[in-house]
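Comments concern the structure below.
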Number of protein chains: 2
Amino acid sequence: MWMSELSARSGVPVATVKYYLREGLLPAGQATGATRAVYGEEHVRRLRLIRALVDVGGLRLAEVRRVVEAVDDETSSLHDVLGVAQAALTPDLPEPTAESRARVDALLRRLRWKVSDQSVNRVALARALDAMADAGDPLRADALEDYARTLLGLAEAEVPTIDTSSREVAVRQTVVRTVLVEPILLTLRRMAHEHVSQRSLSRRRR
Amino acid sequence: MWMSELSARSGVPVATVKYYLREGLLPAGQATGATRAVYGEEHVRRLRLIRALVDVGGLRLAEVRRVVEAVDDETSSLHDVLGVAQAALTPDLPEPTAESRARVDALLRRLRWKVSDQSVNRVALARALDAMADAGDPLRADALEDYARTLLGLAEAEVPTIDTSSREVAVRQTVVRTVLVEPILLTLRRMAHEHVSQRSLSRRRR
DNA sequence: AATATTGGAGAGTTGCACTATCCAAGCGAG
DNA sequence: CTCGCTTGGATAGTGCAACTCTCCAATATT
């Protein structure tokens, strides 16, 4: 298919497709002459992935680029791609305080979680704890541990459902599920808050 | 205190404080003449809240404004503020497909969750389900329901810990916890993925 | 042969979140 | 009292990200 059909099939304007090509988010089509190139299904899939990461995952294009590069890199293992995807998803953060870093380290030790010392997630969690304290409502240690146990339960249900029969499929599933399940979880939590809040109101009224 | 001290105490540059004043994110100080005004602790708190919402919650200033307006509105109930805060946090989304809307409605009916028909969360969840399908990895119905049950458990633990003795405190807690706990949950999930992935690797190697 | 379309390159546009520059009014030291 | 510094407020400018527009020569299509 030509670029105009690729644009129609993916819902991305032609000018934007050209921009993504320039930015290296989308591989070039197969040239059939100096002014023509054909694109395939993989280009449609890639465009849909990009739009999903941007629109729903809220990623910036520089982050999307890092993710698709990891996806395309045949030498990286599934575990590597998970790390790269997570690093790409984490914006640059200011240094957290030593106290919150220590809290994070202590939590992971107590739970016996194997998390790399270099993991961006350690910094991200420490910063998030700082932010709550700065906002005047620090998170209690027992609440943090409850959250951690709950999410371990989730992750244990999620990881085995990855289809590892093909690297290509496994990598795409890992990225999609890491990024696109997040808004689902957050929305379900907000709905649950609405529900519990509504329920307690009606109970109080009785 | 004057503006320069407010700036120093909150870590926000003077020029930015002026900008927030113009944008209505920060209430004006008490004028002590034509070219002087004094600010109080509530201005420091407000600035810290704004920075936390922007830096950690990832909100845009227009969204922050809607949140602080709801916080300042004395007539709105706690449940109202929850709704406004959630609406402010949800960016404008394209219409979801009828299928995913129906899935959301069916889920909420099956779980007997009381969620307003107008809630932005219904649209947000439907859109997120569409995004997964568009990306080629639709979410299974049983997985969605598992997520919902898990998050209901979380919410039931969270809501009763809100300090409802003062409206002011309750509202700030609600907003802070809605927004700032989200990155904590996402980071813990990613860490749990890292842990589970690492654990299954080492088990395979045995 | 005439017309339309395409891929590519570069410049231009939009929106957001600041940031810098002015300026008149006031306060404080000498 | 005067001189210089600081302050709050208004206005304009900056930097970045993500497009979007315009142009062009090479090709298809009719």
Side-chain angles (χ1 to χ4, degrees), chain A residues 1-40 43-44 46-68 88-89 91-92 94, chain B residues 1-40 43-44 46-68 88-89 91-92 94:
Chain A
M1 78 188 88
W2 319 138
M3 192 185 280
S4 58
E5 190 183 344
L6 175 64
S7 166
R9 291 263 319 270
S10 63
V12 177
V14 170
T16 305
V17 172
K18 292 180 178 184
Y19 172 64
Y20 289 168
L21 283 168
R22 253 178 286 155
E23 292 294 310
L25 300 175
L26 188 67
Q30 176 140 22
T32 67
T35 66
R36 227 137 253 240
V38 289
Y39 301 90
H43 293 91
V44 178
R46 170 60 56 91
L47 280 175
R48 292 206 177 128
L49 177 63
I50 294 171
R51 294 315 312 169
L53 293 175
V54 169
D55 292 340
V56 180
L59 271 66
R60 281 179 271 159
L61 294 193
E63 299 164 338
V64 172
R65 178 161 44 238
R66 290 206 293 276
V67 172
V68 300
L89 292 171
D92 283 340
Chain B
M1 80 188 85
W2 289 297
M3 193 185 277
S4 58
E5 191 182 344
L6 175 64
S7 165
R9 292 262 320 270
S10 63
V12 177
V14 170
T16 306
V17 173
K18 292 180 177 184
Y19 171 64
Y20 289 168
L21 285 168
R22 273 199 304 279
E23 292 294 311
L25 299 177
L26 187 68
Q30 177 141 19
T32 67
T35 65
R36 229 139 253 239
V38 289
Y39 302 90
H43 293 92
V44 178
R46 172 59 55 91
L47 280 176
R48 293 208 176 126
L49 176 64
I50 293 172
R51 294 314 313 168
L53 292 176
V54 168
D55 292 341
V56 179
L59 271 66
R60 280 180 271 159
L61 294 192
E63 299 164 338
V64 172
R65 177 160 46 237
R66 290 207 294 275
V67 172
V68 299
L89 293 171
D92 283 341

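Order of the sequence lines sets the chain letters (A, B, ...), proteins ahead of strands, with each chain counted from 1. Only a predicted model underlies this, so the values are computations on that prediction, with no experimental measurement involved.
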Axis-to-axis angle for the helix from dA1(C)-dT30(D) to dG30(C)-dC1(D), ends of five pairs each, to 10°, equals 10°
Between W2(B) and Y39(B), the two heavy atoms sitting closest are C-CD1, 3.9 Å
Between CZ of R36(A) and P of dT27(D) the distance, given in whole Å, is 10 Å
Atom CG of L6(B) and atom C1' of dG8(D) are separated, to the nearest Å, by 13 Å
message = For G24(B), is there any backbone N or O sitting under 3.5 Å from a side-chain donor or acceptor partner on R65(B)?
response = no
One should read off an interatomic distance between S7(B) OG and M1(B) CE, to the nearest 0.5 angstrom, of 11.5 Å
The reported gap from CG in L26(B) to CG in L6(B) (rounded to nearest 0.5 angstrom) is 6.5 Å
Between the OG1 atom in T16(B) and the CG atom in L47(B), the distance rounded to the nearest 0.5 Å is 9.5 Å
Within residues 11-26 of chain B, those residues having any heavy atom closer than 4.0 Å to DNA chain C are A15(B), T16(B), Y19(B), Y20(B), R22(B)
Of the candidates dT27(D), dT7(D), dA18(D), the side chain of W2(B) sits closest to dT7(D)
Separation of dT7(D) atom C1' from Q30(B) atom CD, nearest Å, is 17 Å
Q | Sugar-phosphate only, base, or nothing, as touched by T32(A) at under 4.0 Å among non-hydrogen atoms | A | sugar-phosphate
From CG of D55(A) across to C1' of dC19(D) the rounded distance in Å is 13 Å
At a 4.0 Å cut-off to heavy atoms of chain A, the contacted part of DNA chain C spans dT5(C) to dA11(C)
ask   = Any luck finding a side-chain donor-acceptor pair between Y20(A) and R51(A) under 3.5 Å?
value = yes
Output for pair (L61(B) CG, I50(B) CD1), nearest 0.5 Å, gives 8.0 Å
With heavy atoms under 4.0 Å as the rule, sort R65(B) into base, sugar-phosphate or nothing.
nothing
Between the CG atom in L59(A) and the CZ atom in R66(A), the distance rounded to the nearest 0.5 Å is 9.0 Å
ask   = With no hydrogens and no angle check, is any side-chain donor or acceptor of R46(B) less than 3.5 Å from a backbone partner on P27(B)?
value = no
dist M3(B):CE -> K18(B):NZ (nearest 0.5 Å) comes out at 6.0 Å
In whole angstroms, the gap separating P of dT20(D) from CE of M3(A) amounts to 15 Å
